[in-house]
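Quick notes on the structure that follows.
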There are 2 protein chains.
Amino acid sequence: MANRMKATILDVAQRAGVSKSTVSLVLQGSPLVRPETASRVRAAIEEVGYVYNRGAANLRKAHSNVVGMIINDLTNPFFAELAVDIERVFQSAGLVSFLANTAENPVRQEEVVKSFMEQGVSGLIVSPAHGTRPDAFERIRGSGLPVLFVMRRLPGSRVPVVAPDNHQGAFVGTRHLIGKGHRRIAFLGGFPDMVVYHQRVGGYKAALAAAGIEVDDALIVEADTNRKGGMGALETALARDPQISAALCFNDAVAFGAMIRLRKRGLEPGQDFAIVGFDDVAEAQHYVPALTSVAVDTAGLGERAAHMMLNMIRGGTTHAEDHIGAVNLMVRASCGPELSKGRAA
Amino acid sequence: MANRMKATILDVAQRAGVSKSTVSLVLQGSPLVRPETASRVRAAIEEVGYVYNRGAANLRKAHSNVVGMIINDLTNPFFAELAVDIERVFQSAGLVSFLANTAENPVRQEEVVKSFMEQGVSGLIVSPAHGTRPDAFERIRGSGLPVLFVMRRLPGSRVPVVAPDNHQGAFVGTRHLIGKGHRRIAFLGGFPDMVVYHQRVGGYKAALAAAGIEVDDALIVEADTNRKGGMGALETALARDPQISAALCFNDAVAFGAMIRLRKRGLEPGQDFAIVGFDDVAEAQHYVPALTSVAVDTAGLGERAAHMMLNMIRGGTTHAEDHIGAVNLMVRASCGPELSKGRAA
DNA sequence: GAGAAAAATTGGAACGTTCCATTTATTTCG
DNA sequence: CGAAATAAATGGAACGTTCCAATTTTTCTC
């Protein structure tokens, strides 16, 4: 049934009664080979159970058809969704994308990057792990390999970025809370060494300032950008100031964590305390209470990122214009005393 | 700073004043090379910005250090979690794992498999897409490449499997609902061409039979195994028999979907209708109401799968004993009128 | 300090592909 | 029909590594 030893292009050639060059031509769909010969070769390929050896090919060609995606937290549905969206575009473009998770671990990230490089990927799409050294990707990019950041950027880095308008998102989210009458509003999650953090905190502060509310840095709580981080951050915020009545969360995961802790403290989110998230993951609208969140058009960003990478690869350049996607506040129950119900009716 | 052309082992050799063979030895950490020479070589590697060409190496060695993971739905947090758990084990074993999503699309799956094969992976861990032809992986396995199924198996396939005890899980879930007094219990989600479906439906029927309740096939509703499928399935079930008071769901995603639709119909899950899920994803315990679910020990299964794959690779075999993991019903609010609250207090 | 033994280093062939320059087969047409 | 043009097929070198056998260097022993 199956031959023990791996079949090569030469076995195929022999079987089909042609030269290895002809087989190679067929493999690349060249029009130089006569149709009947081509189909004879294709039959032979099938018969000997030949699998193309991409490694050997790349050795000659020096460019592959795979791009690597490096994601900081696949466990966060937002990133999983993003990865899947990007993957879809590559697929229809005839490229393959392989995915690797870093779990926010820069060391792990380095290993993964190394592996992808060794495999000879032709591009890298990265959502860098928290704690990544700012110049971590400069050398790679300098060597001519296209690198694209998604969602996150590194301070001072010249790597192109696809990301939502973080400042604006945080701004409208905060403004909405202010509009609901809140004055003591916390910002939960993220760390100062993340560029995104500054952008979102910036939007938050700008909204407060615009409303003439004094910014209190004690209300800005650093934490991991996942559910657990959200839980801790809420506790910290409330410990620092029990008067807080609302929070803008770094992302939806943090928001879910915060809501869980609110309940544990006997506070009902959307009633006793207003919560706004960021990302608008699928769960947001189905959660109880439904989570008000800044929608970032995941699919749109993913598509854009994939196309930018395709252009870089095809154009042989490592340069591209940053893309900042528009955001959209989805108002739901979590941020207001039944206001959203009124809207829906 | 960075040289335009890619540095090879020869450039390193020249720079370090040794032969390419020596550099190769250093690269593989051979003890045959004198420590001082080794460090000189390592310095040279750094200086010329050399990246190892795994493709060229594999050409000679005929075995790589990467294993491919093919997942049917990364958007399902359960599978994302599983993938991450598996990845972790490989990492600490010094292997790299690349991940690809098939979105339950057999065609896409075929492409992904092909790519992995071409890259020369040394093993494949697969959660096969719905609709995969039963013999889809036999040829690959026949060619000597270790293949391991996780969570799902294919009918008649000889590929080893790591999965939870689906029959038992469905059995205890259903028995629990019966214990709560329910008699008209639906089974939501999945398709008859999935082996897992039969196992879970089997457990469900066995529990009904054990309680002397007649099985009504109309209460078994086929649907996609995601949230949307759950929504549709609940509607269908209720349409077929409005008397239904409980449902065992194929997985948590389906359960969440069902609960969303219950609410939309004015039925409160855990009060007017009991729901039991399967997988016990992280969200289950935090959802409102908290979801009763069959816990499958994701981390344990993932670890087991990774180790089995490691053994197959190291042992040069494509054979392994199936592993069926124990399950554990996590009773929470979604399935009983305040019973869980009593427990918690 | 010479010879043997051990340690360190090395050149060359091989891996499976692509691509170029050729060769060979086929078609066109004056 | 024969020459020119075109189409199809081919052999060989090259890609960057590993591994073997061989060579050179170092260390040991008496």
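Because the structure is predicted, anything quoted here is derived from the model rather than measured. In what follows, every chain begins at residue 1, and chains take the letters A, B, ... in the order their sequences are listed.
- OP1 or OP2 of C:dT17 has not a single side-chain nitrogen or oxygen of A:Gln28 nearer than 4.0 Å.
- Put simply, CG on B:Leu32 is 18 Å from P on D:dT23, counting in whole angstrom units.
- Atom NZ in A:Lys20 sits roughly 11 Å away from atom C1' in D:dA9 (whole-Å rounding).
- Between the CG atom of B:Asn58 and the C1' atom of C:dG16 there is a distance of 12 Å, given to the nearest Å.
- Under the 4.0 Å criterion applied to side-chain N and carboxylate O atoms, A:Glu46 and A:Arg42 are not assigned as salt-bridge partners.
- Note that CG of A:Asn105 and CG of A:Asn72 are 11.5 Å apart. Values are rounded to the nearest 0.5 Å.
- Note: CZ (B:Arg54) to C1' (C:dG16) measures 18 Å, nearest angstrom.
- Look at A:Thr8 and you won't find any side-chain N or O under 4.0 angstrom from OP1 or OP2 of C:dC15.
- Side-chain nitrogen and oxygen atoms of B:Ser19 include at least one within less than 4.0 Å of the OP1 or OP2 phosphate oxygen of C:dT10.
- Toward the 5' end of DNA chain D, the nearer of the two residues B:Ala57 and A:Arg40, judged by each one's closest nucleotide, is A:Arg40.
- No engagement by A:Leu27 is indicated, since no non-hydrogen atom pair under 4.0 Å with the nucleic acid exists.
- Position along DNA chain C of the nearest nucleotide to B:Ala38 versus B:Ala56 favours B:Ala38 as the more 5'-ward residue.
- Of the charged side-chain nitrogens involved, none lies within less than 4.0 Å of a carboxylate oxygen, so that A:Arg139 and A:Glu110 do not count as a salt-bridged pair.
- Between D:dT17 and B:Ser24, no contact under 4.0 Å exists linking OP1 or OP2 to a side-chain N or O.
- Closest contact between the side chain of A:Arg34 and the listed nucleotides D:dA9, C:dT9, C:dG16 involves D:dA9.
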I would like to know whether A:Glu321 and A:Met308 meet side-chain contact (heavy atoms from CB on, under 4.5 Å); could you show each step before the answer? CA-CA 9 Å; A:Glu321 292 289 315; A:Met308 276 172 62; 5.9 Å; no
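- Side-chain atoms of A:Ile9 lie closest to C:dT17 of the nucleotides C:dT17, C:dT9, D:dG16.
- With D:dG16, D:dT18, D:dG11 as the candidates, the nucleotide lying closest to the side chain of B:Lys61 is D:dT18.
- Atom pair A:Asp11:CG and C:dT17:C1' shows a separation of 13 Å (rounding to whole Å applied).
- Atoms CD (B:Glu36) and C1' (D:dT25) sit 13 Å apart, rounded to a whole Å.
- For the residue pair B:Ser24 and B:Ser21, no side-chain donor N or O sits within less than 3.5 Å of a side-chain acceptor on the partner.
- Between the CD atom of A:Glu118 and the P atom of D:dT17 there is a distance of 10 Å, given to the nearest Å.
- Between B:Ser21 and the phosphate of C:dG11, there is no side-chain N or O to OP1/OP2 separation shorter than 4.0 Å.
- Remark: the B:Arg60 side chain and the D:dT18 base include a donor-acceptor N/O pair separated by less than 3.5 Å.
- One can place CG of A:Asn53 at 14 Å from C1' of C:dA14, the figure rounded to the nearest angstrom.
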